Structure formats: C-alpha cells, structure tokens
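Only one structure is covered here, and it is reproduced in the block below.
Every number for a ligand or one of its atoms is a count from 1 in the order of the listing. Note that the structure is a prediction, hence the values are computed from the model and not measured.
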Amino acid sequence: MAILVTGGAGYIGSHTVLALKLRGDQVVILDNLCNASREVINRIEKLAGGGKVVFVEGDIRNRACLRDLFSSNDISAVIHFAALKAVGESTRIPLVYYDNNVTGTVVLLEEMNRSGVYNFIFSSSATVYGANAPVPYVETTPICAPSSPYGTSKMMVEFVMREFAFAEPKFKAIALRYFNPVGANESGEMGEDPVGIPNNLLPCIAQVAIGRLPYLRVFGNDYPTVDGTCQRDYIHVVDLAEGHLKALDYLSKVKGYKVYNLGGGKCYSVLEMIKAFEIASGKYIPYKIKPRRNGDLATFWADTRLAEKDLDWRVSRGITEMMRDTWNWYLKNPNGFR
Ligand code: NAD
Ligand code: UFG
C-alpha cells in the first residue's frame, strides 16, 4: 500500500514525503512541477537513505493520468498539497486559481471515488477564518469570506469535502489549517525555493541576508501589536510534516470530515522575526518601514488544543530552530534547487 502525495515536490509536500519515507511508508508523488524542481526528488531519496521515490509528473486535473496512477499503484490514502498559493496573484487571475485548486480537487476526489480510495488529507489554511474571527483561531468558529480568491478556494474545498463526507460514508477526510510555515530540513539539503521575488516574510529576510535584496520592506508599523508590526504564528515545516503523519494515523478513527489547526499557538512580530534571524545568522538585516500591505491582518495565532487532544501532535521546534534551519538552507543553496 502507498500514500499518494499530490504536490509532493513542493515545499511542505517534500518534507512530508521525507517524513513518510523515514518511517517506512511507500509513497507516490504526483506533481506537475509548476512550482517545484525535479531535483527535490533526488534530495528526498538522499535524505531518506537511498530507496527510490516513485514520482509521476502530471496534473491533478488530468483524469487519464489519475486513472493510470490509481490502477497501477495500490493507494491507501491521498495527502493533497497540490495547489497554487500566491495570495496576490490569485486576485489577478482568480479563475486560474479556482480551476487549479477547486476543480483540480474535485477531479481528484472523483477519481479517488472511482478507484475506491476514501482516505484524504487536505492542505487548508488559517486564511479561511477571514478577517473577523476572534483570536486565537478555534476550529469551531464558522468560516466565511476569506480575503482573497486563494483563501476562498481553500474554503470551497473544505465545503466540498464536508458535503462529500455527508454523501459517502466511506469517505474519511481531514482538513489541516496551516498557520505560517517556515524553516527547512535540518541538513540544509531541502527547503523553500520560491520562484521569482518571494512574498513571504522569511524568504524575504533570507534574501536580504544573502545579498539578493538590498533591504527588507516592513509592511506597516502602526498595527495594534507589541511593536506595531504584524504578528503571525510561525510553524517549522518539519513539525508541520509530522502533523500530517499524525493526521494520517488518526484517519481510521474519523467519521466523515474533521478540521484541525496546525500552528504553534504563539505569535511573533515582523521585528521579532528580523531580530531572531540576525541572531541565528550573525547578519545585519536592514529594513525600511513601508505602508501596510493590502489584506494583512494585525495578528492571529492558532488554538492548538484540538490537534493536541485528537492527533497527539504539538510543535517541538521553536523560533531558534526555524531561523537556524532557514539560514542553513540558504547558505548551502543560495540558488535554491537550481
Ligand atoms: P508549493 O508551491 O511549494 O507546493 C505545491 C506543489 O503543488 C508544487 O510542487 C506544484 O508544482 C504542485 N502543483 C500545483 N498545482 C498542481 C497541479 N494542478 N497538479 C499537480 N501539481 C500541482 O506550496 P507549499 O508551500 O508546499 O504548499 C502546499 C499546500 O499547502 C498548498 O495547498 C498551499 O495552498 C497550502 N498552504 C501553504 C501555506 C504556506 O505558507 N506555504 C500556508 C497555508 C496553506
Ligand atoms: N511581511 C513584511 N515584509 C515582507 C513580507 C512580509 O513585512 O517582505 C509581513 C507581512 O506584512 C505580514 C507578515 O510579514 O505581516 C507575514 O507575511 P507572509 O506573507 O509571510 O504571511 P501571511 O500571513 O501574509 O500569509 C500566510 C501564507 C498564506 C496564507 C496566509 C493566511 O503565506 O498562504 O498566511 O494564513 F493565506
């Protein structure tokens, strides 16, 4: 039996595939490489101690590809990472996002159904809580109106999963709402490799440190937070990957559809992140205060109690490890996987 990991060549997917391989699970990756490099597969194989990773280059919207994949592999569960994820881009090309993220997931679920595969884990996001949810975010808060087509695509897939679970009793599904993933494998061999100019905070800080960006733009210092800059609940990608294994193991106990926050339960401001990175790297990070970025919320973090109780999962890596591993990855791979 094997686990199908869609988007398994991407940032979070590759760390999850490695964690699965390290505990002896069989894995098949399906990825169209629209935001990933083939080199990732070599790195996973190396870090897992040899052993081939089955990699299928293909698109989740391609039914023929999915049918072939399900008929030629004994798939017991699907962890579904494949998606487009740039919030700003999603506002410019919303239809592309809905097609890839929503239609793609519907096609995948249809083909799973056809092949009798009913175990499903989905990468959702804290963005589904929208702008008005009280903090910390709790899974029982009704979700509505995320602030971008990207966020709406995640919310729509959660609704699709919930409705399908009502209709098909064999379907067992967990949506994992990630907070802010950062960090890299401790070896420095695998990490986040954003295409073009990054949007997320830590890749931007790291690019300033390696001299690819002249300074960091800090978007707003007049928020009602500790120091006026936005606060987020950053989570080490290896902790996040381990959360997927715990969710996979818990699926057999799930009746229908469940949702869990995967976050650390505390938050750091932009200025605190800069300081922590400076300590880890020994590099000075110049920054300039810029106007607020559209759509940013002042602060949010996860209520982690449900994941702790049901999944027996909590983060074990803190801000020191997040910064150390990010810096190690950039030092060893200043050009990413290329
Ligand atoms: P990523 O871009 O590194 O990984 C996504 C992978 O999916 C890429 O390798 C890409 O090539 C592949 N892909 C995209 N569309 C595809 C398609 N139609 N068919 C096949 N493969 C396709 O992103 P990531 O950061 O690893 O994110 C993984 C998942 O987690 C995504 O669903 C994302 O929306 C979600 N998520 C990410 C974050 C974050 O900050 N990184 C936060 C919350 C949720
Ligand atoms: N920031 C800067 N300068 C930068 C980049 C970011 O000041 O160059 C700030 C942002 O304004 C924000 C904070 O750093 O206050 C974090 O920004 P990120 O872009 O790293 O993360 P977001 O919280 O905006 O977005 C993340 C994920 C999205 C997801 C969203 C909501 O990247 O996928 O969380 O959960 F939708």
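Taking the six-membered ring for Trp and thresholds of 30 and 60 degrees, F300 and Y137 have nearly parallel ring planes, at less than 30 degrees apart.
With hydrogens left out, the protein atom closest to atom 29 (C) of ligand 1 is F81 O, 3.3 Å, a heavy atom. At the shortest separation from atom 40 (O) of ligand 1 among protein heavy atoms lies P181 CD, 3.3 Å. Atom 8 (C) of ligand 1 has its closest protein heavy atom at D31 OD2, 3.6 Å. For atom 26 (O) of ligand 1, the closest heavy atom belonging to the protein is I12 N, 2.8 Å. The protein non-hydrogen atom at the shortest distance from atom 30 (O) of ligand 1 is Y178 CE1, 3.2 Å. Protein heavy atom in closest approach to atom 24 (P) of ligand 1: K85 NZ, 3.7 Å. From the protein, the heavy atom lying nearest to atom 22 (C) of ligand 1 is N32 OD1, 3.1 Å.
Considering backbone and side-chain atoms alike, A82 places every N or O at 3.5 Å or more from each N or O of ligand 1. Residue T127 has at least one nitrogen or oxygen atom sitting less than 3.5 Å from a nitrogen or oxygen atom of ligand 2, judged on distance alone. Taking any N or O of G7, backbone or side chain, none lies under 3.5 Å from an N or O belonging to ligand 1. Considering backbone and side-chain atoms together, L84 places no N or O closer than 3.5 Å to any N or O of ligand 1. At least one N/O-N/O distance between K154 and ligand 1 falls below 3.5 Å. Considering backbone and side-chain N/O atoms, F219 comes within less than 3.5 Å of an N/O atom of ligand 2.
Residue F179 does not touch ligand 2, judged by heavy-atom distances below 4.0 Å. At a heavy-atom cutoff of 4.0 Å, ligand 2 is contacted by the backbone of R217 but not by its side chain. Heavy atoms of L201 found under 4.0 angstrom from ligand 2 belong to the backbone as well as the side chain. At a heavy-atom distance under 4.0 Å, atoms from both the backbone and the side chain of A126 approach ligand 2.
R61 pairs with exactly one of T103, T105, D99 by the side chain to side chain donor-acceptor pair (under 3.5 Å) rule, that one being D99.
Remark: ligand 2 atoms within the under-4.0 Å shell around heavy atoms of C204 are 8 (O).
For atom 36 (N) of ligand 1, the nearest non-hydrogen atom from the set Y11, F122, Y97, Y150 comes from Y150.
Heavy-atom distances between Y234 and ligand 2 reach below 4.0 Å in at least one pair.
Counting only distance, with no hydrogens or angles, the side chain of N328 and the backbone of E186 share a donor-acceptor pair below 3.5 Å. With hydrogens and angles disregarded, no donor-acceptor distance shorter than 3.5 Å links the side chain of N261 to the backbone of F179.
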